[in-house]
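A short worksheet on the structure shown next.
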Amino acid sequence: MAWDPSSRRQGIVGFNGALGGCALALVAPPAGPALVLWLVLVPLAGALSAACLEGLRSWWFGRTGLPPLSLPACLIGWLLPLLLAGLGAIGIQTDPVEPSLSLSASLPFAGEGSPLPWLVQGVVRGFGQVFLCTGLPSGMLVLLSVLLASPVAALLGALGALTAALTGLLLGLNSWEEVISGAYGFNAVLAAIALGGIFFAPTRRSVPIAIAGAALTIPLERILLAPLTRVGLPLSSLPFVLATWLMLVMVRRRLPALVPVALHAILTPEEHRRRFRVARRLLADFRHRLHHAASPGTGPGPSLASFMQPALVAKWLELFRQLDLDSSGCLSLKELRRALAGDCAQQSPAEVRALLDRVLQHMDLNRDGRLDAAEFVEMVLRLQRLSQGHERLLTYLLPVDANADGHLDRAELQRLLRSVGARPLQPEEEVRIFGPQQRPLTWGEFVDLLLLS
C-alpha cells in the first residue's frame, strides 16, 4: 500500500488494528479452543483494518475531506464477531447494554456524598475504556501514558470525559453507575482530543469545539446503542467518529477562519500549538510592517533589532564590518553578491541578481541602492526569525490553500490573518501585496514578503 514511512512510524496505520485486536480479545478470549482461532483472526483483523483505512483514506477523504478516524476498527469489530457467530464460535449478545462496557458488580453506588470523587473515577476509567479496560488501575495507566506523551492531550481528554459525564447526568441519559464506569465517556475522550488538539491547534476557539464534540457523543450513543445491540453489534467508537465528523463539517461551514491541521502533518497537540504560535508571530509582524508601509507618515515601524539582545545585534554588526570591504559604511551590490556567493553557488547569476534586487527593494529604506549597517542587521534578523520557524510556518499555512493550486489569493490570505487574530487587510494593503491585478502569490513569493516587506 502507498503509506509513507512516517505514517507507519507514527502509528497511523496500526492504531485501528490495535483497537480491533482488543475487541476480538473481548468477544473471543484467547483461551482454550478459541486460542487458535484468536491467533489467526487477530493478524487478519490488523491486515483488514489497514486495507480498510487505505480505502477510506483514498475514497472517503477524497470526496468529503473527513478523516477515517477509527471507523475501520468499528467495521472490523462488527464483521469478525458476526463471522464468528455464524461459525458458532461465539454467541450473539442481545443485551441492551454492551457487556464489554457494563459496570462491575463490586463498584459502589455514587448517589451519596460528594460527586467529585466519582466524577474523577469516571474520567480515569474513561481513558481505560478506550482500550476496553474496565478497571481503575488500567485507566490510570492509560491516562498516565497519555500524560507523559502529551499533557495537552491528557487535559483535553479529561475535559471531554468530564463533559460527557455532566451532559449525560443533566439530560438524564446516563446513570451514576454508567458515569463511574467510564463506559460512556471514552468516546468523549477521543472526540475532545481529536477536535481540541489534533485536527485543530489548541487555541481558545478549538477548546469549545472539543467540549461540544464531547457532549455530542452522549446523545449519539443513546441513539445508536439500541439498534446495534439488537443485532449483536458493539457500539465501539462509532459515536466518536460521527461526533467528530459533524463538528468538523460545522466548523468548516461556520468558522472557516479556524485553520485545520494538514492530515499528513498531524503530530502532538503541543507541536500544533507551536506551529500556530510561529505563524501568529510572523504574520503579526508582517501585518504590523505592512500597516506602517501603507500608512503615510507612520514611518517604517519598530525594527527587530530593538527587541533583540545587544550581544546578538553586535554579532551581526561585526559581520557587516567584515563584508564592508571598502569601509564605506554600506554594502554595495557587489559586496552583497560576494557575501551570498557560497549560499547561491547552485543558482545562476540572473537568479542571484533577482534575489539581490528583491532584498534591496524591500530592505533599502533610504532607496540609495545599498544597505547600511541598520538595514543589514534588520535583514539578517528577519531571515533568522523566518528560517527558525520556516517549516512550522509552511506546515500551518498549507491547509489555507483551499483549492490546492499552490498559490495564495486574497481571500485565502484574509482567512489566514483572521486565523491568528490579525486585522483584515485594507484595500491599499491588498494592492501592495497582490498588485493592481490581484495576482495570487506562490508560497515562495509569500515567504519573501514575510521576510523582506
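One-based numbering along the sequence shown.
Panel note: side chain E270, backbone V152; a donor-acceptor pair is recorded below 3.5 Å. Checking side-chain atoms of E318 against main-chain N and O of K315 turns up no donor-acceptor pair under 3.5 Å. Side-chain N or O atoms of R273 include one that pairs as donor or acceptor with a backbone N or O of P202 at under 3.5 Å. Although no hydrogens or angles enter the test, the distance criterion places a donor-acceptor pair under 3.5 Å between the side chain of S181 and the main chain of A183. Distance alone, capped at 3.5 Å, is enough to place a donor-acceptor pair between the D401 side chain and the D405 backbone. At least one donor-acceptor pair closer than 3.5 Å links the side chain of H272 to the backbone N or O of L267. The main-chain N or O of G168 is never found under 3.5 Å from a side-chain atom of N174 such that the two would form a donor-acceptor pair. Formation of a donor-acceptor pair under 3.5 Å by the R418 side chain with backbone atoms of P424 is not found in this model. A donor-acceptor distance shorter than 3.5 angstrom exists from the side chain of R415 to the backbone of P256, with no hydrogens or angles considered.
Among all heavy-atom pairs drawn from R205 and L258, the shortest one is CB-CD1, 4.1 Å. In this structure, L248 and P67 approach most closely via the heavy-atom pair CD1-CD, 3.7 Å. G213 approaches M247 most closely through the heavy-atom pair CA-CG, 3.7 Å. Here the shortest heavy-atom pairing between A161 and V189 reads CB-CG2, 3.7 Å. When all heavy atoms are compared, the tightest approach of P436 to V431 is N-CG1, 4.2 Å. The shortest heavy-atom contact between A215 and T167 is CB-OG1, 3.6 Å.
Two residues are said to be in side-chain contact when any heavy atoms from C-beta on lie closer than 4.5 Å; F320 and V377 fail this criterion. Counting only heavy atoms from C-beta outward, the side chains of F131 and V142 approach each other to under 4.5 Å. V261 is not listed as a side-chain neighbour of Y396, based on a closest heavy-atom distance of 4.5 Å or more. Between L159 and V207, some side-chain heavy-atom pair lies under the 4.5 Å cut-off. In this structure, the side chains of V400 and L408 come closer than 4.5 Å at one or more pairs of heavy atoms. In this structure, the side chains of P234 and L228 stay at 4.5 Å or more apart for every pair of heavy atoms. Looking only at side-chain heavy atoms (C-beta outward), V249 and L246 stay at 4.5 Å or farther from each other. Contact check for P260 versus F199: no side-chain heavy atoms found under the 4.5 Å cut-off.
One side chain, Q121 or R125, offers a donor N or O that lies under 3.5 Å from an acceptor on the other.
Taking CZ of R321 as the reference point, atom CG of L319 lies at 10.0 Å (rounded to 0.5 Å). Separation of atoms CD1 (I180) and CG (L136) is listed at 11.0 Å; rounding is to 0.5 Å. Within the model, atoms OG1 of T442 and CZ of R439 stand 7.5 Å from one another, a figure rounded to the nearest 0.5 Å. Taken from CD1 in I209 to CG in L255, the straight-line distance is 5.5 Å, to the nearest 0.5 Å. Atoms CZ and CZ, on R277 and R392 in that order, are 10.5 Å from each other to the nearest 0.5 Å. Distance check: S419 OG to Q414 CD gives 11.5 Å after rounding to the nearest 0.5 Å.
Salt-bridge check for E271 with R275: passed, with a basic side-chain N closer than 4.0 Å to an acidic carboxylate O.
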How far apart are the C-alpha atoms of R274 and V278, what are their side-chain angles, what is the distance that settles it, and do they pass the side-chain contact (heavy atoms from CB on, under 4.5 Å) test?
CA-CA 6 Å; R274 284 189 285 268; V278 166; 5.5 Å; no
Candidate pair F240 and L69, rule side-chain contact (heavy atoms from CB on, under 4.5 Å), full reasoning
CA-CA 9 Å; F240 150 63; L69 301 175; 4.0 Å; yes
Test side-chain contact (heavy atoms from CB on, under 4.5 Å) applied to L119 and W176, step by step
CA-CA 9 Å; L119 287 173; W176 266 109; 4.2 Å; yes
Could you check E178 against Y184 for side-chain contact (heavy atoms from CB on, under 4.5 Å), going step by step and ending with a plain yes or no?
CA-CA 7 Å; E178 291 170 332; Y184 298 97; 3.8 Å; yes
Side chain to side chain donor-acceptor pair (under 3.5 Å) assessment of S70 paired with S237
CA-CA 7 Å; S70 58; S237 58; 2.6 Å; yes
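Screening residues 206-219 for side chain to side chain donor-acceptor pair (under 3.5 Å) gives no qualifying pairs among residues at least two apart or on separate chains.
Judged as a ring-ring contact (aromatic ring centres under 6.0 Å, His included), and not counting sequence neighbours, the contacts of W245 are W60.
Both tests do not hold together for R281 against F286: distance to the six-membered ring centre under 6.0 Å, angle to the ring axis within 45°.
Atom CZ of F434 has more than 12 neighbouring heavy atoms from other residues, nucleotides or ligands inside a 6.0 Å radius.
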